[in-house]
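Proteins get letters first, then strands, A, B, ... in listed order; numbering begins at 1 in each. The shown structure was predicted, so the numbers you read here are calculated from the model rather than taken from an experiment.
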There are 2 protein chains.
Amino acid sequence: MSTLKDIGAELGLSVATVSRALNGFPEVSAKTRARVRDAALRLGYQPNRIAQRLVTGRSGMVGMIVRIQPDMSADPSFFETLTGLTAALAARDVDLVLAVDRDDDPVAPYARMLEKGMLDGFVLNAPVPDDPRVAFLRTRGIPFVLHGQTTGPADYPFYDIDNATVSGDQVSLLTALGHRRLALLNGEARLAYAAERARGFRAALASEGLAPVAVIDGTEAPPESFGYTEALALLTGRHGPRPTAILCATTLIAAGVLRAARDLRLAVPADLSVMAHDDGLPRNAGSTPGQTLSVTRAPLREACVPLANALVDRVGGVPVEKLQTLVRASVVVGDSTGPAPLL
Amino acid sequence: MSTLKDIGAELGLSVATVSRALNGFPEVSAKTRARVRDAALRLGYQPNRIAQRLVTGRSGMVGMIVRIQPDMSADPSFFETLTGLTAALAARDVDLVLAVDRDDDPVAPYARMLEKGMLDGFVLNAPVPDDPRVAFLRTRGIPFVLHGQTTGPADYPFYDIDNATVSGDQVSLLTALGHRRLALLNGEARLAYAAERARGFRAALASEGLAPVAVIDGTEAPPESFGYTEALALLTGRHGPRPTAILCATTLIAAGVLRAARDLRLAVPADLSVMAHDDGLPRNAGSTPGQTLSVTRAPLREACVPLANALVDRVGGVPVEKLQTLVRASVVVGDSTGPAPLL
DNA sequence: GACTGTCTTCAAAACGTTTTGAGCACGTTG
DNA sequence: CAACGTGCTCAAAACGTTTTGAAGACAGTC
């Protein structure tokens, strides 16, 4: 491992000049810069990150804590996020330190990682309404970025899709097709995004003068079987009049709904329209051959780069207001939606 | 953040003395040590890891790279390992830096992480026969530890269960019950442990003068459906005479086998004995109510502490020979095994 | 030839720790 | 009293980088 001193000795320059040459400072002459660059390449110079960090006071590492669910499997979207985040952070020369925790106290693992003083900030995923982690990190003054939003004023960097509008767009599409009885199979109620979806669903229906047939919160059961079970209940009239359209928080839930429709000999979309939100994970698709879902789509993958950049920029002192991104999911019409059946 | 200098100033001592007092060096008087400890506590002193590492030349971080499978979900055992490893490493004051990679070249991500010079070593999981990562890290002189083993001389630290004996113990139990026609539904052939299981299976049968009915390599399909499909094939005689006992690489495969037996109206264990290896993950069990599997059991969880310690010790210079652990799985007899049916 | 300014470079300090080599105070031994 | 250990402490160097403040070289202007 060669150092700045080695390069300096080789070229008869001081370490200061070598450092500035490599870091692109303007006050070093073009000729010297070229010589230094060349020597650095020749000697295989790699800056010692530890030394860099000692002097800059930054660790160049950010943390992410993933909570283990009771059934010991993690959030299905977790790997996609992890892959994208490590790559996007690496592009900014930042490493991701991962911790896994099954603590009851949601902030305890953050406190633990913080007291070692090794982290510049955190990525928070799967926010819940009024997330305690936000309050904790805010009082400590630690930079962080949310994938999603919590309730209350968003005085933090985040990247989120407009979940209320996701439901609104789905409702618009379906009511335009004549549907009047809609139900929502939502995500887990403890998650902030599910609350937004429900809110948007109710608001969009209300603006058409309609009331929801049902809003059913997700469970910890596998999403496909949740969709299957609840769709059976809905379609056999256990929640009142049978809905003509079912909105699903995920494509996996939709797969269960389609299976239930098949079992009940209901044609999609002739008897029932099904719509879902699609996070773009390949594993979630294709389970219903011959049927392309109508969806709102916002690939999870696209969140990673903005998330990584927002966090790194926040650590670098960029004001919060410039680091808030709310994107609107696109609507992709497949063949699982059609005109409402005549009653 | 208070420093050694702060403590020294407070007490009228040099930083050298403070450092030695806190690090338990013998040449500091008991009285001074007590005063220093007290002041450190009072000032909330936390050693600056970056500075420590600059001078010791160690980063205090080790890496683990998890490969994304084609279907974008990870090794099911991955989270268990991750949880345990982070905890066990934390106990030795070491952080785990995780990278996710879907590179075609298995060593490329290691090279990438290495050139940044931030890592003291690696944890290698899911080894394949003649693992190229082992060759790569060996030539680079980077410490690493294997969860499992590769083929060839084991000149590296590892923690592994004796997979040949796993099969041997299962075969012994079943042949003692009179079984003569055994089949093995193995793990994926590309994994080193599966090769060992197959080898042990064949050897144990051979020593009884028997030949296997079939050894079927696992696929990338979900294990339960792999077990179901292949068990149907075996039990309907598609591989020759129907086996009276099926060995399964995992409890999930066994769940599929039990489902196939149910569908074929075969009683377990009257008509068919089923055995599996159990890695102790809760999610894998319980899917067959009223039936407790006969298994060899070696909880994955128990590997983490020895793995972490072996790696940290190796980084600290402990010779390889002292860091190799081969454990034997215990045999737990449930009610899925019984005397061989009369033919 | 002195003064000013610009461009380029340098020596040194700083970050917080560990470790080396030396030194002081004290008591023991010859 | 000299010599010698022993127990404790300290100043300083080292790790490799960034950054500060100063200064050398050179040209242009009066």
Side-chain angles (χ1 to χ4, degrees), chain A residues 1-37 39-40 43-61 93-95 115-120 315-317, chain B residues 1-37 39-40 43-61 93-95 115-120 315-317:
Chain A
M1 274 288 142
S2 57
T3 70
L4 288 184
K5 209 198 294 191
D6 297 334
I7 300 181
E10 175 100 354
L11 264 40
L13 290 171
S14 73
V15 291
T17 306
V18 176
S19 170
R20 322 195 84 133
L22 290 175
N23 290 324
F25 279 60
E27 63 266 49
V28 54
S29 74
K31 197 180 65 183
T32 305
R33 190 189 305 280
R35 286 206 306 147
V36 170
R37 286 240 172 91
L43 297 178
Y45 171 75
Q46 289 289 133
N48 181 321
R49 310 275 291 270
I50 304 268
Q52 276 180 330
R53 287 158 190 186
L54 178 58
V55 63
T56 59
R58 300 252 172 74
S59 74
M61 294 187 281
D93 238 19
V94 168
D95 288 315
E115 73 184 12
K116 297 200 284 186
M118 286 294 291
L119 296 180
D120 295 339
V315 170
Chain B
M1 272 289 142
S2 57
T3 70
L4 287 185
K5 209 199 294 192
D6 296 335
I7 299 181
E10 175 99 355
L11 264 42
L13 290 172
S14 72
V15 290
T17 306
V18 176
S19 172
R20 324 195 81 131
L22 290 175
N23 290 324
F25 280 60
E27 63 266 51
V28 56
S29 75
K31 197 182 64 182
T32 306
R33 189 187 306 279
R35 285 206 306 147
V36 170
R37 286 238 172 91
L43 298 177
Y45 171 75
Q46 289 288 132
N48 181 322
R49 310 275 291 270
I50 304 267
Q52 276 180 331
R53 286 158 191 186
L54 178 59
V55 64
T56 58
R58 301 251 171 74
S59 75
M61 293 187 282
D93 239 18
V94 168
D95 288 315
E115 74 185 10
K116 297 199 284 183
M118 285 294 291
L119 296 181
D120 295 339
V315 170

Handout entry: dT18(C) OP1/OP2 closer than 4.0 Å to side-chain N/O of N23(B)
Key = yes
Problem - Side-chain (R49(A)) to main-chain (D93(A)) donor-acceptor, under 3.5 angstrom - result: yes
Problem - Atom pair distance, as rounded to whole Å: CZ in F25(B) and C1' in dT17(C) - result: 12 Å
Problem - Approximate separation, where rounding is to 0.5 Å, of S14(A) OG and I7(A) CD1 - result: 12.0 Å
Fill in the blank from the handout: Distance col, row R53(A):CZ vs R53(B):CZ, nearest 0.5 angstrom, shows 10.5 Å
Handout entry: Donor-acceptor contact present, side-chain S19(A) to main-chain V15(A), <3.5 Å
Key = no
Problem - Value rounded to 0.5 Å, distance of CD in Q46(B) from CE in M118(A) - result: 12.5 Å
Completion exercise
When rounded to whole Å, the CZ to P distance for the pair R33(B) and dG7(D) reads 14 Å
Practice task
Using a 4.0 Å heavy-atom cut-off across all strands, classify R49(B) as base, sugar-phosphate, or nothing.
Solution key: nothing
Fill in the blank from the handout: Here the residues of residues 3-15 of chain B within 4.0 Å heavy-atom distance, strictly under, of DNA chain D are G12(B), L13(B), S14(B)
Problem - Integer-rounded Å distance: dG7(D) P and R20(B) CZ - result: 15 Å
Practice task
Name the closest nucleotide to the A51(B) side chain, picking from dT9(D), dT17(C), dT17(D).
Solution key: dT17(C)
Practice task
Would you mind telling me which of dC10(D), dT17(C), dC15(C) lies closest to the side-chain atoms of Y45(B)?
Solution key: dT17(C)
Exercise for the section: Identify, between V55(B) and V28(B), the residue whose nearest nucleotide on DNA chain D lies closer to the 5' end. Expected result: V28(B)
Exercise for the section: Could you check how far CG of L43(A) sits from C1' of dG16(D), rounded to whole Å? Expected result: 15 Å
Problem - Selection from dT20(D), dT8(C), dT17(C) that lies nearest to any side-chain heavy atom of T32(A) - result: dT8(C)
Practice task
Could you tell me whether a side-chain N or O of D95(A) sits under 3.5 Å from a main-chain N or O of M61(A), the two making a donor and an acceptor?
Solution key: no
Exercise for the section: Look at Q52(A) and dG16(D) and indicate whether a side-chain polar atom (N or O) is within less than 4.0 Å of OP1 or OP2. Expected result: no
Fill in the blank from the handout: Separation of dG16(D) atom C1' from I50(A) atom CD1, nearest Å, is 11 Å
Practice task
Considering just the side-chain nitrogens and oxygens of S19(B), establish if one lies under 4.0 Å of OP1 or OP2 belonging to dT18(C).
Solution key: yes
Exercise for the section: Please assess L22(B) against L4(B) for the test side chain to side chain contact (heavy atoms under 4.5 Å, CB included), listing each intermediate value before the final yes or no. Expected result: CA-CA 10 Å; L22(B) 290 175; L4(B) 287 185; 4.0 Å; yes
Problem - Heavy-atom donor-acceptor pair, R33(B) side chain to F25(B) backbone, under 3.5 Å - result: yes
With 3.5 Å as the limit, what N/O pairs link the protein to nucleotides 25-28 of chain D?
none

Handout entry: Criterion side chain to side chain contact (heavy atoms under 4.5 Å, CB included) on T32(A) and L13(A), from CA distance to verdict
Key = CA-CA 9 Å; T32(A) 305; L13(A) 290 171; 3.7 Å; yes
Problem - Gap between atoms CZ and P, on R58(B) and dG16(C) respectively (whole Å) - result: 23 Å
Handout entry: Selection from dC10(C), dT18(D), dA11(D) that lies nearest to any side-chain heavy atom of A16(A)
Key = dC10(C)
Completion exercise
Rounded to whole Å, CZ of R53(A) lies from C1' of dT18(D) at a distance of 14 Å
Completion exercise
Of the candidates dT19(D), dG16(C), dT9(D), the side chain of T17(B) sits closest to dT9(D)
Practice task
Round to a whole Å and report the spacing from CD of E27(A) to P of dG21(D).
Solution key: 14 Å
Handout entry: Verdict with reasoning, T3(A) to N48(A), per side chain to side chain contact (heavy atoms under 4.5 Å, CB included)
Key = CA-CA 8 Å; T3(A) 70; N48(A) 181 321; over 6 Å; no
Practice task
Kindly point out which of dT19(D), dT19(C), dT9(D) is positioned nearest to the side chain of S29(B)?
Solution key: dT9(D)
